[in-house]
**Q** 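Below is a structure I'd like to ask you about.
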Number of protein chains: 2
Amino acid sequence: MQEVFRALADDKRRDILMLLSDQDMTIGDVVDKFDITRAAVKKHLKILEEGKLISVHVRGRERINRLEPMAFQAATEWLSFFSQYWDTHLNKLSTAIENEQGENNDKHNN
Amino acid sequence: MQEVFRALADDKRRDILMLLSDQDMTIGDVVDKFDITRAAVKKHLKILEEGKLISVHVRGRERINRLEPMAFQAATEWLSFFSQYWDTHLNKLSTAIENEQGENNDKHNN
DNA sequence: TTATAATAATACCTTTTGGTATCATGTCAA
DNA sequence: TTGACATGATACCAAAAGGTATTATTATAA
């Protein structure tokens, strides 16, 4: 989990993920899209790999980097807790309103 | 966007968010839950605030930290691109299979 | 087989991060 | 008003992050 969010925490790495969503790429392909050195790109790809957001497939002397879309689910699920939280609190609010109305009705009935 | 993912990239900060999902808390409340100093907690809260994941409400000499669940949507939406990507590729795959079958049928018809 | 292309590995540098300790400020309550 | 409490603000430190440059490997193609 930590590795996933760490991998997502950098602008360039998120850009790389967008690139890879279009097509698999070698390190060289990725380097051409940025103004940083091959070594820097390599480090980013390593961090993405540690977060399992990409997989690497060696083909001869090339290294194909491929998106692993399923890995994003870990992050999505963690975040979904908070949208659920939001729903829950909306429900609490509407329940509170209903109870308030119920109490008022009771008062009327007394 | 960067600020949101940056805020989510630390274990303790994600823990703090979970705490705040249960109830609003002062800095002191949060400090009691961890083994780090008040100043360190303050820094984490500042980063969470910069990501707009929490809001701060001053009440006398206290500082109430409150979760802002809507802010999580920014991250969720970014991630949703990749689940969509996954769907798209599944569709491509099934379309390819259908086409393959179509071609086979043509061959049979010839 | 040998030069070259693609990548790996290492050392090094600067900035950011996560943390501490210390001192200053503002607010409540007696 | 004055002491204690909650927080704010600095200064400082070690480690991690993001980057460069340089030096190996390894694999392909002539």
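Residue numbers begin at 1 in each chain, while the letters A, B, ... track the order of the sequences.
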**Q** Do any side-chain nitrogens or oxygens of B/R13 fall under 4.0 Å of OP1 or OP2 in C/dG18?
**A** yes

**Q** Report the distance from atom CD1 of A/I36 to atom C1' of D/dA17, rounded to the nearest whole Å.
**A** 12 Å

**Q** Any Lys/Arg nitrogen of A/R14 or A/D11 sitting under 4.0 Å from an Asp/Glu carboxylate oxygen of the other?
**A** yes

**Q** Quick check for you: among C/dG19, C/dT20, D/dA21, whose closest atom lies nearest to any side-chain atom of A/T37?
**A** D/dA21

**Q** Could you tell me the separation between the CD1 atom of A/I47 and the C1' atom of D/dG19, rounded to a whole number of Å?
**A** 12 Å

**Q** Both A/V41 and A/E62 contact DNA chain D. Taking the nearest nucleotide for each, which residue is further toward the 5' end?
**A** A/V41

**Q** Please report the C-alpha distance between B/N65 and B/D29 in whole Å, then the side-chain angles of each, then the deciding distance to 0.1 Å, and finally whether the side-chain contact (heavy atoms from CB on, under 4.5 Å) criterion is met.
**A** CA-CA 10 Å; B/N65 298 279; B/D29 293 337; over 6 Å; no

**Q** Looking at A/D22 and A/L19, would you say the former's side chain and the latter's main chain have a donor-acceptor pair under 3.5 Å?
**A** no

**Q** Rounded off to whole Å, could you give me the CZ-to-P distance for the B/R61 and D/dG8 pair?
**A** 13 Å

**Q** Pick the nucleotide of DNA chain D nearest each of A/G60 and A/R38; which residue has the one closer to the 5' end?
**A** A/R38

**Q** What distance separates B/R63 CZ from B/H57 NE2, expressed to the nearest 0.5 Å?
**A** 10.5 Å

**Q** Tell me: CD1 of A/I16 to P of D/dG19, nearest whole Å?
**A** 9 Å

**Q** As a test of reading the structure: which of C/dC28, C/dA8, D/dG18 is closest to the side chain of A/I27, going by heavy atoms?
**A** C/dA8

**Q** Counting only side-chain heavy atoms from C-beta out, which of D/dT7, C/dA6, D/dA21 sits nearest to B/T26?
**A** D/dT7

**Q** Report the distance from atom CG of A/D10 to atom C1' of D/dG19, rounded to the nearest whole Å.
**A** 11 Å

**Q** What is the distance, to the nearest angstrom, from the CZ atom on B/F34 to the P atom on C/dT20?
**A** 13 Å

**Q** Indicate, yes or no, whether a donor-acceptor pair under 3.5 Å links the base of C/dG19 to the side chain of B/K43.
**A** yes

**Q** Take atom CZ of A/R6 and atom C1' of D/dA17, then tell me their distance rounded to the nearest Å.
**A** 8 Å

**Q** Give a yes/no answer on whether the side chain of A/H44 brings an N or O atom under 4.0 Å of OP1 or OP2 in D/dG19.
**A** yes

**Q** Between the side-chain atoms of B/K42 and the base atoms of D/dG8, is any donor-acceptor pair under 3.5 Å?
**A** no

**Q** Output the single nucleotide from C/dA6, D/dG19, D/dT20 whose closest atom is nearest the side chain of A/K12.
**A** D/dG19

**Q** Could you tell me the separation between the CD atom of B/E77 and the CG atom of A/L79, rounded to the nearest 0.5 Å?
**A** 11.5 Å

**Q** Roughly how many Å is it from CZ in A/R63 to P in C/dT7, rounded to a whole number?
**A** 9 Å

**Q** Mind checking if B/R59 touches a base, just sugar-phosphate, or nothing, with heavy atoms under 4.0 Å?
**A** nothing

